[in-house]
There are 2 protein chains.
Amino acid sequence: MAPIARPTYAVIARTANVSEATVSRVLNGDDSVHPERARRVHEAVEKLGYKKNRVASALASGRTGLIAVVIDDDLSVFSDPFWGTVTSGVSRVLMENGLQTVLMVSPVGSADGGVAQYLKSGEVDGAIFFALHSDALVTKLQKQGLPLVITGTPHSSNDVAFVDTDNFGGGYAATRHLMNQGAKKVAIITGDIGTTAAKQRLDGYLQVYRESGHVPAKGLICEGDYSFESGQQHAKKLIAAHPDVDGIFASNDLMAMGAMSVLQDMGIDVPGKVRVVGFDDSLIAQTARPALTTIRQDVVALGEAAGTLMIAQLNGQDVEPVILPTDLVVRASA
Amino acid sequence: MAPIARPTYAVIARTANVSEATVSRVLNGDDSVHPERARRVHEAVEKLGYKKNRVASALASGRTGLIAVVIDDDLSVFSDPFWGTVTSGVSRVLMENGLQTVLMVSPVGSADGGVAQYLKSGEVDGAIFFALHSDALVTKLQKQGLPLVITGTPHSSNDVAFVDTDNFGGGYAATRHLMNQGAKKVAIITGDIGTTAAKQRLDGYLQVYRESGHVPAKGLICEGDYSFESGQQHAKKLIAAHPDVDGIFASNDLMAMGAMSVLQDMGIDVPGKVRVVGFDDSLIAQTARPALTTIRQDVVALGEAAGTLMIAQLNGQDVEPVILPTDLVVRASA
DNA sequence: AAGACCCGCGAAACCGCTTTCACGGGCTTA
DNA sequence: TAAGCCCGTGAAAGCGGTTTCGCGGGTCTT
């Protein structure tokens with residue numbers, strides 16, 4: 001059981017021949033300590049291999065050094081590699097700043113479930129939300145002054161700090177690419193329209209149409225839900241209703257794969273007859289046949305941005321939302 | 001900044017008209033308190049909406065209520081959906097037991113890097129290791145008495161608690177299936193042979209051969225590294241060296257996909273000419289064309305088992321390793 | 001030269017819970 | 001009935017930092 005006995009301030013103070021208060025000052029970067037005394041403290045710390053006890057520090061200061069990463073896991077969202085990757089980015093940045101990541105994979109639900117209680121009770125210094133479906137909790141926590149960062153654009157425009165991919169730009173680029181390749185009649189299979197990301201990607205798609213002076217024909221806009229099956233199902237409907245569709249932009253790779261599988265089963269050549277573009281540049285995009293043209297987002301950077309925004313807030317700085325650029329990755333499918 | 005003022009033991013004690021010591025006893029399940037007094041305490045707690053301050057509790061008791069999940073992130077391992085999924089399982093079980101998950105995605109490396117320091121300094125009550133490449137740190141921590149669980153079979157047979165999938169059984173089932181389907185000459189593309197999982201899957205493969213009375217021909221055993229490219233590369237070599245190969249068992253889906261892509265490019269029919277089986281039942285297995293026959297492991301269960309093992313250790317129970325069964329998922333590729 | 005300030009520093013209170021210790025009373029034992 | 005126990009309980013001492021407060025001495029006014 002023995003977490004090896006570690007020196008305390010008492011020992012450091014004695015060794016450096018100063019008071020514990022001074023040790024605390026030095027170790028917390030209070031610059032009002034005489035350099036010579038500070039040096040002595042640092043020496044003692046070095047010599048004794050001292051490491052601050054976070055728990056004691058937390059109790060006294062009220063700062064726990066813990067940041068919660070909350071993943072609203074109504075379905076097993078976390079199995080989506082996306083979130084894992086974002087989290088690793090967050091974690092890295094936080095660790096570099098001496099903070100730890102507390103992971104909470106849980107149906108967040110109401111504004112006062114278990115997770116809510118935990119966050120409200122001051123046991124973390126801040127919280128980063130993923131895949132948020134309701135703003136109620138966020139609003140509540142924000143009122144309490146808990147530093148918050150949201151990954152993904154929130155619905156309501158509280159002035160919560162958030163980070164997101166440029167979904168609009170991505171949707172625009174995907175659609176524009178299809179058109180540039182010669183597609184005339186481009187359909188979109190959106191993601192769950194309850195997510196802002198799906199809406200923004202759709203907006204990008206619409207923008208291209210707007211610029212082209214046309215409007216997408218009835219039925220070209222299909223409301224999917226990010227699932228493989230949804231891609232299949234909408235592709236079938238599309239081909240039935242619009243046999244002359246020659247471009248499909250799916251709001252994620254998985255749906256793009258679903259669509260492609262249907263097209264191929266029907267003997268429709270991709271990209272010869274219909275071009276397909278996905279979104280995410282996930283593993284399946286790379287391994288697909290034909291390899292999927294898609295929109296890449298820098299997921300790790302997203303996490304890092306979230307972490308950075310959190311740090312900034314903890315330092316009392318004002319923060320602006322961060323929108324990260326996307327890249328069009330051209331492969332065989334379009 | 002204001003984590004709303006919460007009641008303390010002092011208040012509870014006053015309200016219930018008992019001492020703080022008694023409050024502590026009641027709240028920690030010490031049964032030596034008179035039922036009537038205990039009731040009063042519970043009432044007060046209820047009425048005041050009291051929630052224990054974990055930090056203070058941790059300082060006084062030495063138990064932080066935090067379990068570290070350490071992911072050795074030499075490459076961005078965490079972007080593998082596998083780990084995210086395991087983690088969600090762990091997290092769920094821990095939360096149900098009032099513990100929090102501290103995520104550390106970091107190159108673990110030596111036995112005394114930052115992570116090591118953190119773990120050694122008693123700031124967590126236990127640690128769960130993922131994707132472990134060296135046992136040095138584990139051994140060290142174990143000596144210090146830190147409860148440990150390893151996900152995946154460790155190399156050295158310290159008696160550390162671990163959970164793993166039945167890799168041997170999975171490898172066996174995959175190979176056996178190929179044979180049952182009529183394959184005569186079955187190759188294997190192993191994973192990074194530095195991992196025990198890869199070795200065990202290989203052992204399963206070998207076992208089938210052993211039972212069949214044959215030995216795999218020279219060159220049928222290819223040492224891959226779990227990457228798509230590695231699957232491609234080995235498939236090429238295989239076909240060149242053994243044009244009559246009619247079965248390939250790849251140690252993960254990604255390599256299986258790589259292999260399939262090469263076969264298809266060469267005009268070799270899958271499964272007509274060569275049957276292919278993967279491992280993991282990841283998303284790409286489902287979306288592949290032909291859909292990939294593979295070995296499914298219950299990844300969430302793996303995480304839950306790890307969490308459960310940790311809880312057991314914290315309760316001072318002796319624990320045995322847990323090996324979870326696999327399922328053969330038959331799809332189109334074999 | 002005396003009063004007003006400022007600065008660096010230590011003593012001590014404090015954060016909120018846990019745990020040891022000792023006390024008083026009811027019971028058993030001789 | 002006296003001595004010995006056991007039990008439920010509260011007082012108080014931590015746990016290891018942080019932070020307030022005030023002191024002594026040097027510097028700056030007037």
Side-chain angles (χ1 to χ4, degrees), chain A residues 1-42 44-45 48-66 98 118 121-125, chain B residues 1-42 44-45 48-66 98 118 121-125:
Chain A
M1 215 42 342
I4 283 174
R6 300 194 294 156
T8 67
Y9 270 16
V11 184
I12 304 290
R14 212 174 310 134
T15 310
N17 200 27
V18 298
S19 72
E20 294 188 29
T22 296
V23 175
S24 177
R25 293 193 182 99
V26 172
L27 265 45
N28 291 315
D30 184 329
D31 51 351
S32 69
V33 175
H34 188 95
E36 162 59 15
R37 303 171 79 82
R39 194 187 54 69
R40 291 216 305 272
V41 170
H42 283 127
V45 165
L48 297 163
Y50 175 79
K51 249 207 104 235
K52 190 141 72 181
N53 178 326
R54 273 166 176 276
V55 177
S57 169
L59 176 58
S61 70
R63 278 171 266 108
T64 59
L66 262 29
Y118 185 76
S121 62
E123 292 173 24
V124 292
D125 294 344
Chain B
M1 229 12 10
I4 284 174
R6 300 193 295 155
T8 67
Y9 270 18
V11 184
I12 304 288
R14 212 174 309 134
T15 310
N17 199 27
V18 298
S19 72
E20 296 189 28
T22 296
V23 174
S24 176
R25 293 193 182 98
V26 173
L27 265 46
N28 292 315
D30 184 329
D31 53 349
S32 69
V33 175
H34 188 94
E36 162 58 15
R37 304 172 78 83
R39 195 188 52 70
R40 291 215 306 271
V41 171
H42 283 127
V45 165
L48 297 162
Y50 174 80
K51 250 206 106 235
K52 188 142 71 181
N53 179 324
R54 272 166 178 276
V55 177
S57 168
L59 177 58
S61 69
R63 279 171 268 111
T64 59
L66 263 29
Y118 185 76
S121 61
E123 291 172 25
V124 293
D125 294 345

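Each chain gets a letter, A, B and so on, in the order its sequence line appears, and its residues count up from 1. None of the values given here were measured: they were computed from a predicted structure.
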| field | Spacing of B/E123 atom CD relative to D/dG16 atom C1', expressed in whole Å | value | 12 Å
| request: Whole angstrom is fine here: how far is it from CG in A/D30 over to C1' in C/dG10? | output: 14 Å
| request: Can you figure out which of C/dG10, D/dG10, C/dC17 approaches the side chain of A/A21 most closely? | output: C/dG10
| said: Closest approach to the side chain of B/H34, judged atom by atom: which nucleotide of C/dC17, D/dT9, C/dA11 is it? | reply: D/dT9
| query | Looking at A/A58 and A/T64, what are the two nearest heavy atoms and their distance? | reply | CB-CA, 3.8 Å
| task | Ignoring the backbone of A/S61, work out which of D/dT18, C/dT18, D/dT9 is nearest its side chain. | result | D/dT18
| query | Looking at A/N17 and A/R37, what are the two nearest heavy atoms and their distance? | reply | O-NH2, 4.4 Å
| Under the 3.5 Å rule, do the base of D/dG16 and the side chain of A/R6 count as making a donor-acceptor pair? | no
| To the side chain of B/S57, which of C/dA12, C/dC15, C/dC17 is closest? | C/dC17
| field | Test applied, side chain to side chain contact (heavy atoms under 4.5 Å, CB included); reference residue, B/Y50; option that passes from B/T15, B/L27, B/V11, B/V23 | value | B/L27
| Nearest to side-chain heavy atoms of A/T8, which nucleotide of D/dG16, C/dG8, C/dG10 | D/dG16
| message | Quick check on DNA chain D: between A/V23 and B/E20, whose nearest nucleotide comes earlier from the 5' end? | response | B/E20
| request: Considering just the side-chain nitrogens and oxygens of B/R37, establish if one lies under 4.0 Å of OP1 or OP2 belonging to D/dT9. | output: yes
| request: With heavy atoms under 4.0 Å as the rule, sort B/R25 into base, sugar-phosphate or nothing. | output: base
| query | Which of these nucleotides, D/dT18, C/dC9, C/dG16, is closest to any side-chain atom of A/L59? | reply | C/dG16
| task | Report the nucleotide, chosen from C/dT18, D/dG10, D/dG8, that has the shortest atom-to-atom distance to any side-chain atom of B/S32. | result | D/dG8
| request: Using atom CG of A/L27 as one end and atom P of D/dT18 as the other, report the distance to the nearest whole Å. | output: 8 Å
| request: Describe the nucleic acid contact of B/V55 in one word from base, sugar-phosphate, nothing, applying a heavy-atom distance below 4.0 Å. | output: nothing
| message | On the nucleotide D/dC15, are OP1 or OP2 found under 4.0 Å from the side-chain N or O atoms that A/Y9 carries? | response | no
| note | Walking DNA chain D from its 5' end, the first of A/T22 and B/N17 to be reached, judged by nearest nucleotide, is B/N17
| Do A/N28 and A/S24 meet the criterion of a side-chain donor-acceptor pair at a distance under 3.5 Å? | yes
| request: Determine: side-chain N/O of A/N53 to OP1/OP2 of D/dC15, distance under 4.0 Å, yes or no. | output: no
